[in-house]
Amino acid sequence: MLHHKKKNPTVSIIIPTYKRGHLLTYVLDALTSQTIGDFEVLIIVKPSGDATEQVITTFSERLNIKVITQNQGYVTDALNLGLKNAKGDILIFLDDDAIPFPNLIQSYILSYSTPDIGGVAGDVIPIVLKGNKICNFVDTHSEIIPVKKFKNNLFRRLRSYPLKGLENYLLYLSKEGVVSLNYTVAAKASDQVVNSLLAMGANMSISSKASAGFQFPTSHVLGLTYEQYLGWYLWKKGYRVIFNSTIKVYHIHHGQSLSRNIKDVKRAAVHCAEGKLLFYRLYGDESELSMMHRVVLLLMETILDIKNICLHKDLSCIHMAKSKFFAELIGLRWLICKKFGLPYSPLADLEKMLK
């Protein structure tokens with residue numbers, strides 16, 4: 001009797017890139033050394049004149065690469081182009097500065113061990129490049145799993161009430177609409193697979209079946225919390241979402257980000273605002289979100305902001321407080337428009353913060 005070997009699921013790797021040709025070289029070179037060689041690489045290029053296209057060409061004979069040109073928009077728009085064109089059963093997201101370990105693809109395939117798993121996130125190890133040599137950060141082993149334990153103070157408790165069903169997740173959403181970390185689960189995450197919303201776009205994946213029809217909302221600039229939004233979507237559909245620390249990438253620290261060349265102060269303002277807007281993005285679709293919890297959190301944050309401004313008289317504290325205030329105004333406008341069925345996207349207001 002003939003026994004047919006089970007066929008591996010097909011894999012698509014989605015990499016958005018902009019002005020990173022010099023770093024993309026490391027990512028593509030690492031993909032040529034994967035223990036499994038049958039996969040497609042979709043590179044979404046926003047043209048910048050930095051010779052990214054030439055870098056891609058040098059790897060075109062060693063990798064099955066498809067280049068997609070992005071003429072406008074931000075990082076989530078790039079990801080939507082990737083989702084639209086990907087053909088794999090498993091879709092792996094990598095940043096253009098995230099160097100995959102040789103067993104990355106094989107480990108992702110093994111992680112989808114049961115049909116109920118809709119998303120898998122891996123670990124991210126920070127590094128710097130000195131010349132062409134990878135150098136680890138001292139005492140920093142992961143950008144996701146904390147090394148130090150944090151005191152469970154009042155402020156931390158106020159933002160740590162998980163949505164029902166996410167109590168034992170490494171990364172979860174709180175009733176205040178905040179992405180939070182469960183430190184009890186984090187203590188186990190280095191040694192075993194744990195439940196978790198998707199962690200970082202530098203190293204995560206989804207099942208194409210579980211995510212069929214999904215598109216990121218076109219209301220992000222930096223894309224902050226888009227990973228957890230996608231993880232929440234899969235979880236709400238009834239799929240398990242997990243974190244597997246054995247799936248690793250090196251994340252090159254180089255002082256830039258996929259924010260597409262935004263100045264530090266303005267980028268920090270939008271970064272803060274997008275984190276705040278997750279509550280309003282989900283409100284109405286997630287019944288466990290609590291306006292009462294949100295108001296209490298905002299009052300506590302306001303008190304802390306006033307205290308920091310008075311003590312430190314630091315301009316960065318003032319900028320951050322302003323960003324939070326504007327984010328809440330945008331969010332309230334969003335809620336009112338939702339309530340009355342009026343069209344509104346915060347994108348235009350977020351873009352104003354960049355000018």
Side-chain angles (χ1 to χ4, degrees), residues 12-34 39-86 91-100 104 124-135 137 143 200-204 216 218 220-224 226-227 249-271 274 347 350-351 353-355:
S12 298
I13 297 178
I14 299 172
I15 306 174
T17 188
Y18 179 66
K19 288 189 176 181
R20 298 275 188 82
H22 61 298
L23 299 178
L24 186 63
T25 298
Y26 293 93
V27 182
L28 297 181
D29 187 55
L31 288 175
T32 66
S33 302
Q34 289 295 301
F39 56 91
E40 68 169 356
V41 182
L42 282 73
I43 306 179
I44 298 87
V45 179
K46 192 172 186 181
S48 64
D50 77 331
T52 292
E53 292 82 357
Q54 288 91 321
V55 169
I56 295 170
T57 299
T58 63
F59 289 92
S60 59
E61 291 185 2
R62 289 185 282 166
L63 293 169
N64 177 18
I65 296 177
K66 180 177 182 180
V67 176
I68 302 166
T69 301
Q70 179 190 6
N71 294 313
Q72 60 184 6
Y74 299 98
V75 63
T76 49
D77 300 281
L79 294 173
N80 281 338
L81 287 172
L83 290 173
K84 181 180 178 181
N85 288 276
L91 312 181
I92 298 174
F93 298 87
L94 288 179
D95 280 357
D96 56 4
D97 55 6
I99 305 172
L104 179 112
V124 178
I125 313 300
I127 61 162
V128 291
L129 292 175
K130 294 184 178 179
N132 293 322
K133 185 180 179 183
I134 291 174
C135 299
F137 275 73
E143 293 185 20
M200 290 179 66
N203 184 20
M204 69 181 195
F216 288 103
T218 56
H220 280 101
V221 173
L222 303 184
L224 187 69
Y226 79 79
E227 303 96 335
V249 301
Y250 286 124
H251 189 204
I252 305 170
H253 281 231
H254 47 85
Q256 300 174 11
S257 79
L258 279 175
S259 57
R260 302 279 162 90
N261 223 20
I262 295 167
K263 292 181 180 178
D264 288 345
V265 173
K266 294 180 178 181
R267 179 184 178 277
V270 178
H271 192 272
E274 286 194 333
L347 181 60
L350 289 171
E351 287 178 327
M353 297 176 73
L354 301 178
K355 296 178 180 178

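Nothing fancy with the numbering, it's 1 onward along the sequence. Nothing here was measured: the structure is a model prediction, and the numbers come from that model.
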Is there a side-chain contact between [X] and [Y], using heavy atoms and a 4.5 Å cut-off?
X      : Y      : value
Phe59  : Leu31  : no
Leu23  : Asp96  : no
Ile92  : Phe39  : no
Val249 : Ile99  : no
Val75  : Phe216 : no
Asp77  : Gln72  : no

Distance in Å, [X] [atom1] paired with [Y] [atom2], rounded so as to fall on 0.5 Å steps:
X      : Y      : atom1 : atom2 : result
Leu222 : Leu350 : CG    : CG    : 8.5 Å
Glu143 : Ile125 : CD    : CD1   : 8.0 Å
Met204 : Ile14  : CE    : CD1   : 9.0 Å
Leu79  : Leu91  : CG    : CG    : 11.0 Å
Ile44  : Lys66  : CD1   : NZ    : 10.0 Å
Thr76  : Leu224 : OG1   : CG    : 11.5 Å

Heavy-atom closest contact ([X] atom, [Y] atom, distance):
X      : Y      : result
Pro16  : Ala78  : CB-CB, 3.8 Å
His220 : Tyr74  : O-CD1, 3.6 Å
Val45  : Glu53  : CG1-OE2, 3.5 Å
Gln34  : Leu104 : OE1-N, 3.2 Å
Asn85  : Leu81  : ND2-O, 2.8 Å
Val27  : Asp95  : CG2-O, 4.1 Å

Between the main-chain N or O of [Y] and the side-chain N or O of [X], is there a donor-acceptor pair closer than 3.5 Å?
X      : Y      : answer
Lys46  : Gly73  : yes
Glu40  : Ala86  : no
Glu227 : Gly201 : yes

Checklist entry - Considering the options Ile43, Asp97, Asp50, which one meets the side-chain contact (heavy atoms from CB on, under 4.5 Å) requirement together with Thr17? => result Ile43

Checklist entry - What's the verdict on side-chain contact (heavy atoms from CB on, under 4.5 Å) for Asp29 and Thr32, showing C-alpha distance, side-chain angles and the deciding distance? => result CA-CA 5 Å; Asp29 187 55; Thr32 66; 3.9 Å; yes

Next on the checklist: Would Val221 and Leu347 count as a side-chain contact (heavy atoms from CB on, under 4.5 Å) here? Give the steps.
Outcome noted: CA-CA 7 Å; Val221 173; Leu347 181 60; 3.8 Å; yes

